[in-house]
Amino acid sequence: MSFFEIFGFALRGVAANKLRSGLTVLGILIGVAAVILLVAVGNGSAKQVEDSLAALGTNTLTVQGGRGGDTGYRTDLTLDIVKALQDRESAPDVKSVSPVVNSAQTLTFGDASYDVNSVIGTYPSYFGASNSVIASGSGFTEEDVDQAARVVVLGPTTAEELFGTTVDPVGQRIGIAGQIYSVIGVLAKKGSTGFNDPDDVAIAPLPAVQRSLTGYGPVSSITIEAVNADAVAAAKAEITAILNAKMHVADGASSTPYQVRDASQLLETRTATAETFTVLLGAVAGISLVVGGIGITNIMMVSVTERTREIGIRKALGAPRRVILTQFLIEATLLSLAGGGLGVAAALIGANFEIVGIKPVVMPDSVALALGVCVAIGLFFGSYPASRAAGLRPIDALRYE
Amino acid sequence: MTGPYGREQRPVLDVVDLVKTYGEGETAVHALAGVSLTVAPGDYVAIMGSSGSGKSTLMNIVGCLDVPTSGTYRLDGVDVSELNESQLALVRNRRIGFVFQSFNLIARTSALANVELPLAYAGIKPAVRRERALAALDMVGLANRADHDPNQLSGGQQQRVAVARALVSEPALLLADEPTGNLDSRSTADVLSILDGLNAQGRTIVLITHEDEVAAHAHRTIRLVDGLVVSDVRRRDITPVGVPA
């Protein structure tokens, strides 16, 4: 008898008891959906931690010139060094390099004046590297840097002190140490991280600040952004190598004329947190999978064992063992796949909602694992009791209660 | 052994010294203690006996649902004990039609689909299958109930569906294990008249019963006591088709 006909038997078998089939599908659905959602919630909270750490700038390194470690060569942080650090070949893990000059200045607008903590001259990449988000207006561009345009982006504290809350700072002209600058943007609030208010700044193109305020000397620091948090160590090594070459620092020198600082402390925390989450996730997902698997095993065993008599009747009518096995295997496949598919769908829908304040992030691996394990269990425990029953003598299967 | 018209003259059923023992050692129960029996084609045999006499055990072995502990069993000249699992399935499907006391229809499956089942397992095409199943249902007078599920049918109707299912594959041997045991007297009469009609057409029938009225329909009555044949009586007035007088 053809596979197609056995398939028809299986379909009728599934349809014959809709409640039982429905419950089986529901059991698998819950197993699969629970695992995917749990992993997604855990993953989402790990991501949340990662995001909040990223906001602090875990990807950035700061190079500062210093004294000491005299090599007999010039060791200032020059734009020449900035260019060397921008070289993709020798520093592949570096995303951007932003030279920074700093000076405390007095800003004026009409009659108002305000002593800003620091006027920063830099490149546009600094905004990304320092997690400075433009709240209104825009940042400056490479073109502004090339032209030494006198434009400035104010920190929210600076903007409020100078303009109050009523005037829109964007488009206004302000004086910085007697030079006229156009305000083109205001940054979003970062919030204080200690004694320094990171919102009390004014950021302008590097050449403009150098020309009008600090002169064309060396820059005070270089802010470097690594391609991602995991590449910080590699980026640091690359930077160190370049700086050593540029400044002729001998191998193994006890001190260097520069310092590279990173957020290693934060990185360690991040790593530890991520590891804890990974372990927790693994445990929770594992338990869910085991519990779900037991549920599926139970319902499959019960529903097939319940049909031992039916298997006996079919055998008495001359059904070959192979046909009975195929029928039950197809039934188990249909139920497992329907339950698994609906479970994935339910999990994907559920992942759109916030669960206990966490936005779940579905991991494709967990979908594959949950689906694979649940379907495999469904198949095995759907077909194993059937195979056992099909192996019985018809009379034993018929007498089965 | 085969006659000119395909009518087989050898016995349909040839059982020699059949023993079936349940359990081992002290607690062993001898359900059959050495039964020998031959049934010729076209015969109509009733096996009688009280509960525990081994008649059901004998029936199950004859129906290839169970295997004997020892002894030989030839069905249509074929030694069944030498057959493997898939050959046995074939024998159950083609040679034997079994009617159970508890009907044993497959639940939530229409009468027609139930009757079609043996043909489906025999690999017969759906269209032919349907035609033959409808003919079998018509023979038991239930063609108009083809679409009904077993739970929509009365006990007598269910048993008639079971009879239709047993005879649809044109088996050499129709076995009925207390076919009227669960039926009221009217349904009993219906089912028995169908069996009588089938026998009149030349079908070999072996049935189990403990009611004399039922056994009276048969041409030959075998009594079992404690796993042994104690009497084998043939009615004088009837000479079954194909049995030498």
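The number of heavy atoms from other shown groups lying within 6.0 Å of CZ (B/Arg130) does not exceed 12. Heavy-atom neighbours of B/Asp226 CG from other residues, nucleotides or ligands within 6.0 Å: at or below the threshold of 12. Within a 6.0 Å radius of CD in B/Gln87, other residues, nucleotides and ligands contribute more than 12 heavy atoms.
Although no hydrogens or angles enter the test, the distance criterion places no donor-acceptor pair under 3.5 Å between the side chain of B/Asp66 and the main chain of A/Ile395.
Nearest heavy atom pair, residue B/Leu65 against residue A/Pro394, reads O-CD, 3.4 Å. When all heavy atoms of B/Ala113 and A/Arg12 are compared, the pair lying nearest together is CB-NH1, 4.5 Å.
Using a 4.5 Å cut-off between heavy atoms, B/Arg94 makes no contact with chain A at all. Interface remark: B/Leu105 contributes backbone atoms only to the contact with chain A (heavy atom separation under 4.5 Å). No part of A/Asp396 comes within reach of chain B, as not one of its non-hydrogen atoms sits under 4.5 angstrom from that chain. Both the backbone and the side chain of A/Arg314 have a heavy atom closer than 4.5 Å to some heavy atom of chain B. With a 4.5 angstrom heavy-atom cutoff, B/Val67 touches chain A via backbone and side-chain atoms both.
One finds a salt bridge joining B/Arg129 and A/Glu5 here, because a Lys/Arg side-chain nitrogen approaches an Asp/Glu carboxylate oxygen to under 4.0 Å.
In this view, A/Phe380 and A/Tyr384 satisfy the ring-ring contact (aromatic ring centres under 6.0 Å, His included) rule, not counting sequence neighbours.
Within the 4.5 Å cutoff, the side chain of A/Ile313 has heavy atoms near those of the B/Arg165 side chain.
When B/Ser102, B/Ala89, B/Ser86 are compared by the number of non-hydrogen pairs under 4.5 Å with chain A, B/Ala89 comes out ahead. By number of non-hydrogen pairs under 4.5 angstrom with chain B, the leading residue of A/Lys315, A/Arg307, A/Arg321 is A/Lys315.
From B/Tyr121, atom OH reaches atom CD1 of A/Ile324 across 5.5 Å, with rounding to the nearest 0.5 Å. B/Arg92 CZ to A/Leu317 CG: the interatomic distance, rounded to the nearest 0.5 Å, is 10.0 Å.
In this model, no donor atom of one side chain and acceptor atom of the other lie less than 3.5 Å apart for B/Asn60 and A/Arg393.
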